[in-house]
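Everything numeric in this text was worked out from a predicted model, so none of it was measured.
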Amino acid sequence: MSPNHVPALSRRSLLAIGAGLAAAPFLPSTTASAAGWSSAGTDPTAFGSTITGLPGDPTAVVLGSPGFAVHGDGVGDDTAAVQAAVDEASRRGIANKLGDILGGARDFPHGDGGGVVLVPEGTYRLSAPINVWDSVRIVGYGTSRPVFVLGASTPGYATGTPRDVFSFRRRPVGGPVTYANNDTFGSGLVNLDIRIEPGNPDTFAVRFAGAQLCILQDLDIHVGEGHTGIDHNANLIQRVRVFGGEIGFHAYAASAGWQTTLLDCRFEGQRRMSVRLFNDAKLVVVRTVFAGAPRAIESAVDQWQHLYLQDSHFQDIGDVAVVLNESSSIPGAENELIRGSNQLTVLNCTAAGTRDLLLLAQTGSRTRARSTPARIKELTYGLRVERALTDQERRRDGVYADVVGTAGTAWTQRILRTDVPDLPPVSSWVNVADVAASLGRTIGAGADDLEVFQAAVDRYDTVYVPIGQYLLGDTLRLRRTSNLIGLHPRQTWLRAVDGHPNFSDPDAPRALVETPRGGRNIVVGLGLDTAEQTPGAANVLWQSADGSYLADITTQFIKWHPEDVTSGDPGYTYRGRHKYNVWVRGGGGTIANVWAAAGWSDNGLFVERTDEPARVYEVSVEHHETREVVLRGVSGWQFLGLQTEDHIYGWRSQAVEIVSSSDLLFANSVFFRVATVLGPYPYAVSVQDSERIQLRGNRGYRDKTPEFTQWGAGVIDHDTGRIVPEIEFAFVEIAG
């Protein structure tokens with residue numbers, strides 16, 4: 001039996017993988033050390049309930065409320081009640097249209113649905129898959145997280161065919177039901193646990209997929225004798241621990257080919273491997289532990305990977321930490337773009353009880369640590385361009401390793417320490433609707449709600465915004481300690497009053513939400529919409545300091561288009577002009593899972609005049625006419641999993657412009673050009689008067705209409721005209 005053996009499953013992709021790996025050598029199963037990483041007392045991250053009480057939200061469906069009665073004891077079957085709650089949340093979303101992103105385009109009728117199901121602390125036994133419809137989030141609450149249990153030897157989970165417990169699905173009104181795809185936005189499982197009891201060998205705990213804003217967050221998945229913890233992937237997997245199973249995470253390219261970020265995750269005790277990579281999964285792995293498995297990460301045969309790991313740890317990995325295919329063995333490798341697409345970066349990681357770090361499957365070549373424990377300062381596979389854009393430019397290909405035997409437990413704990421602040425306890429949240437009631441007002445009814453929102457953030461540190469659409473006639477200004485919290489960015493909108501004179505001057509932009517210099521603000525779970533006739537509006541002006549948190553945010557979905565185009569995809573009937581979409585001035589902190597797609601803005605993500613450190617995870621900037629990401633006078637920022645995208649008419653859209661900036665990192669970037677784009681662009685990234693910039697892992701290749709969909713060069717020096725012509729590489733260093 002191969003180390004990658006899976007049962008004879010019916011899902012076509014799994015069969016293909018199993019067949020492709022039949023020749024791999026046998027590896028004995030490995031179990032975690034007696035204590036296990038999770039219980040050894042060495043983990044600096046606290047895993048537990050992050051939503052500690054019931055948020056007040058009349059539009060959310062509360063499991064256990066009238067019409068959705070449950071046993072909640074782990075004995076009675078709660079499957080029907082849970083599915084009914086998800087169905088009702090989706091129905092409410094269809095009714096309020098807040099999650100309707102496609103707007104009737106692409107042959108989908110209006111109404112994608114979406115909503116929130118709130119699940120109280122308890123144990124809920126399931127006996128069949130729960131379909132998580134598009135844009136529905138199931139959110140647990142309580143001092144302990146609710147637990148969903150697949151009971152022992154549940155019928156249907158031992159037939160040789162994979163079967164999910166939670167299935168992310170796409171169900172447009174009047175359209176076919178499919179697994180979630182590139183038209184799925186905002187779905188999620190948040191703050192709950194899943195346990196697979198014995199006798200269910202073909203169980204996949206979560207079948208995860210989606211295009212933007214989809215999350216698995218704050219989960220413990222105990223797979224036990226089951227097969228896989230997470231199958232397929234979407235955007236952000238955060239603070240998720242997977243215990244046991246054949247495979248912890250079976251990763252594919254997310255819809256429609258974007259990266260997936262694993263942030264502060266743990267995989268422990270898998271029988272074969274922690275993570276299995278199929279068709280260019282593009283994983284960005286940060287502060288994640290792999291423990292007690294034969295192999296931590298392995299690519300399927302014939303597949304290339306853009307794989308990036310930073311600040312992570314390998315503990316007691318029996319055979320090898322990472323298995324990749326040798327680049328020249330990949331089908332189509334005679335094309336240098338395909339060869340260049342096979343990339344690995346391991347940066348500032350540690351290993352204990354793990355000697356072999358990288359195996360190239362076809363040659364058997366292994367990269368080993370000289371001792372254990374070890375610190376992996378840097379390990380790359382693929383093209384390296386050092387001192388790029390200078391006379392000293394140097395290229396090398398293959399394996400590069402800088403591994404030293406100096407890392408102990410204290411070092412590992414330090415690199416695993418999270419930069420994501422905890423949410424305040426729900427007991428401290430003040431509902432903005434309650435503030436409105438205290439003022440004798442209602443909100444979300446079509447009038448200007450700014451006065452109520454401003455009163456709420458002026459009086460209280462943490463303000464909760466329930467599902468709805470709220471109009472703002474001017475900027476909502478947060479204090480240094482203000483937090484603004486929603487649970488679903490596709491269902492909870494702050495929108496400019498259209499045509500309001502406060503948003504009329506494009507030379508003096510005003511943001512819908514503004515944070516102060518030096519703030520330690522938390523702003524999460526909201527949609528921002530600058531409306532149409534508001535040329536002086538921006539979605540957010542972020543000035544907060546390191547230690548702040550902007551996450552799970554979307555802007556309105558609008559594509560720029562020329563004047564002679566009147567309709568088509570979503571947003572094409574809209575016309576307007578804004579200077580900024582997401583605007584950062586003097587700010588930093590942690591920014592995660594943000595979708596900036598207000599295409600009529602001149603700048604998608606505009607960052608200026610800041611040396612506040614920032615880590616930007618899984619951020620997508622799309623559909624702007626000329627510039628997606630612009631950095632001017634920026635120092636100390638890391639972009640991990642940045643994705644940009646033009647569209648059919650947006651062929652003039654440059655991915656990244658860097659001016660007078662320094663000490664920047666771009667990791668596993670995807671600079672995407674759609675197959676239908678109507679023209680070429682000469683370069684993806686331009687650099688001017690800047691230094692100490694690293695681009696580690698890059699995706700700029702597409703095999704459709706290559707004269708348009710492939711960038712003319714990866715990087716250009718704006719002043720000298722020198723270029724890095726390669727668009728697929730593991731490392732480009734711009735020393736300045």
Side-chain angles (χ1 to χ4, degrees), residues 101 182 185 211-214 235-236 254 256-261 282 284 489 511 526-530 538-542 550-561 570-571 578-585 587-588 590-608 610 614-632 634 637-659 661 664-674 677 681 683-686 695 698-700 711:
I101 190 169
N182 61 317
F185 306 92
Q212 303 286 2
L213 302 169
C214 295
N235 309 111
L236 181 63
W258 313 150
Q259 312 94 314
T260 295
T261 297
K282 302 185 191 71
V284 179
L526 299 173
L528 302 173
D529 184 349
T530 48
N539 283 293
V540 61
L541 173 55
W542 187 257
L550 177 70
D552 202 26
I553 299 293
T554 188
T555 66
Q556 68 273 57
F557 180 44
I558 304 293
K559 296 183 179 183
W560 178 88
H561 59 95
H578 303 95
K579 189 172 184 179
Y580 303 121
N581 182 351
V582 174
W583 180 17
V584 180
R585 185 179 63 195
T590 300
I591 300 173
N593 205 30
V594 173
W595 188 22
W600 280 89
S601 301
D602 291 338
N603 305 278
L605 171 60
F606 188 88
V607 187
E608 62 176 339
T610 183
R615 282 79 48 202
V616 181
Y617 303 106
E618 194 72 18
V619 166
S620 179
V621 188
E622 303 180 350
H623 306 315
H624 300 83
E625 179 186 5
T626 57
R627 294 179 299 186
E628 303 291 358
V629 177
V630 180
L631 308 179
R632 294 182 178 171
V634 177
W637 277 51
Q638 298 183 22
F639 292 84
L640 299 109
L642 172 66
Q643 181 250 327
T644 67
E645 179 187 349
D646 55 29
H647 65 293
I648 181 172
Y649 302 109
W651 61 269
R652 295 177 297 177
S653 184
Q654 182 183 335
V656 179
E657 176 185 292
I658 304 171
V659 180
S661 298
L664 305 177
L665 169 65
F666 294 84
N668 229 14
S669 303
V670 170
F671 300 137
F672 185 73
R673 292 178 66 76
V674 300
V677 69
Y681 201 88
Y683 48 81
V685 178
S686 67
L695 294 87
N698 199 78
R699 174 67 162 154
W711 300 94

**OP:** Write down the atom of Gly587, the atom of Trp637, and the distance for their closest heavy-atom approach.
**Re:** O-CZ2, 3.4 Å
Subject >> Heavy-atom side-chain contact between Ile591 and Val619 under 4.5 Å >> reply: yes
**OP:** Would you check if the distance from the ring center of Trp600 to the ring center of His623 is below 6.0 Å?
**Re:** no
Original post:
Do Ser686 and Gln654 get their side chains close enough for a donor-acceptor pair, meaning under 3.5 Å?
Top reply: yes
Original post:
Which heavy atom in Phe671 sits nearest to a heavy atom in Ala655, and how many Å separate them?
Top reply: CD2-CB, 3.6 Å
**OP:** Would you please test Glu622 and Trp595 for side chain to side chain donor-acceptor pair (under 3.5 Å) and show each step?
**Re:** CA-CA 8 Å; Glu622 303 180 350; Trp595 188 22; 3.2 Å; yes
Subject >> Check: Asn668 main-chain N/O paired with Lys282 side-chain donor or acceptor under 3.5 Å >> reply: no
Original post:
From His624 NE2 over to Glu645 CD, what is the distance, rounded to the nearest 0.5 angstrom?
Top reply: 11.5 Å
**OP:** Please tell me if the side chains of Trp542 and Val582 come closer than 4.5 Å, counting only heavy atoms from C-beta onward.
**Re:** no
Original post:
Mind checking whether Leu640 and Thr261 have side chains closer than 4.5 Å, heavy atoms only?
Top reply: no
Original post:
Which heavy atom in Gly604 sits nearest to a heavy atom in Ala596, and how many Å separate them?
Top reply: O-CB, 4.3 Å
Original post:
In Å, rounded to the nearest 0.5 Å, how long is the span from CG of Leu213 to CD of Glu618?
Top reply: 10.0 Å
Original post:
Which atom names give the shortest non-hydrogen contact between Val607 and Val634, and what distance separates them?
Top reply: O-CG2, 3.4 Å
Original post:
With a 3.5 Å cut-off and no angle check, do the side chains of Thr590 and Arg615 form a donor-acceptor pair?
Top reply: yes
Subject >> Over all atoms of both residues, closest heavy-atom pair of Tyr683 and Tyr681 >> reply: O-CD2, 2.9 Å
Subject >> Close side-chain approach of Phe666 and Asn698, heavy atoms under 4.5 Å >> reply: no
**OP:** Supply the atom-to-atom distance Gln259 CD to Arg699 CZ, rounded to the nearest 0.5 angstrom.
**Re:** 10.5 Å
Subject >> Donor-acceptor contact below 3.5 Å, side chain Ser661 vs main chain Val659 >> reply: yes
Original post:
What's the spacing between Ser620 OG and Asn235 CG if we round to 0.5 Å?
Top reply: 8.5 Å
Original post:
Is any side-chain heavy atom of Arg585 closer than 4.5 Å to a side-chain heavy atom of Tyr580?
Top reply: no
Original post:
Given Val656 and Leu642, is the side-chain contact (heavy atoms from CB on, under 4.5 Å) satisfied, shown in steps?
Top reply: CA-CA 10 Å; Val656 179; Leu642 172 66; 4.1 Å; yes
Subject >> Test: Arg673 cationic atom under 6.0 Å from Trp711 six-membered ring centre, within 45° of axis >> reply: yes
Original post:
Any side-chain heavy atom of Ile553 within less than 4.5 Å of one from Leu528?
Top reply: yes
Original post:
OG1 of Thr626 to CD of Glu657: how many Å apart, nearest 0.5 Å?
Top reply: 8.5 Å
Original post:
What pairs with Ser653 under side chain to side chain contact (heavy atoms under 4.5 Å, CB included), at least two apart in sequence or on another chain?
Top reply: Glu628, Asp646
Original post:
What heavy-atom pair brings Asn581 and Ala598 nearest, and what distance separates the two atoms?
Top reply: ND2-N, 3.2 Å
Original post:
With no hydrogens and no angle check, is any side-chain donor or acceptor of Asn603 less than 3.5 Å from a backbone partner on Lys579?
Top reply: yes
Subject >> Euclidean distance, Asn539 CG relative to Leu526 CG, rounded to 0.5 Å >> reply: 11.5 Å
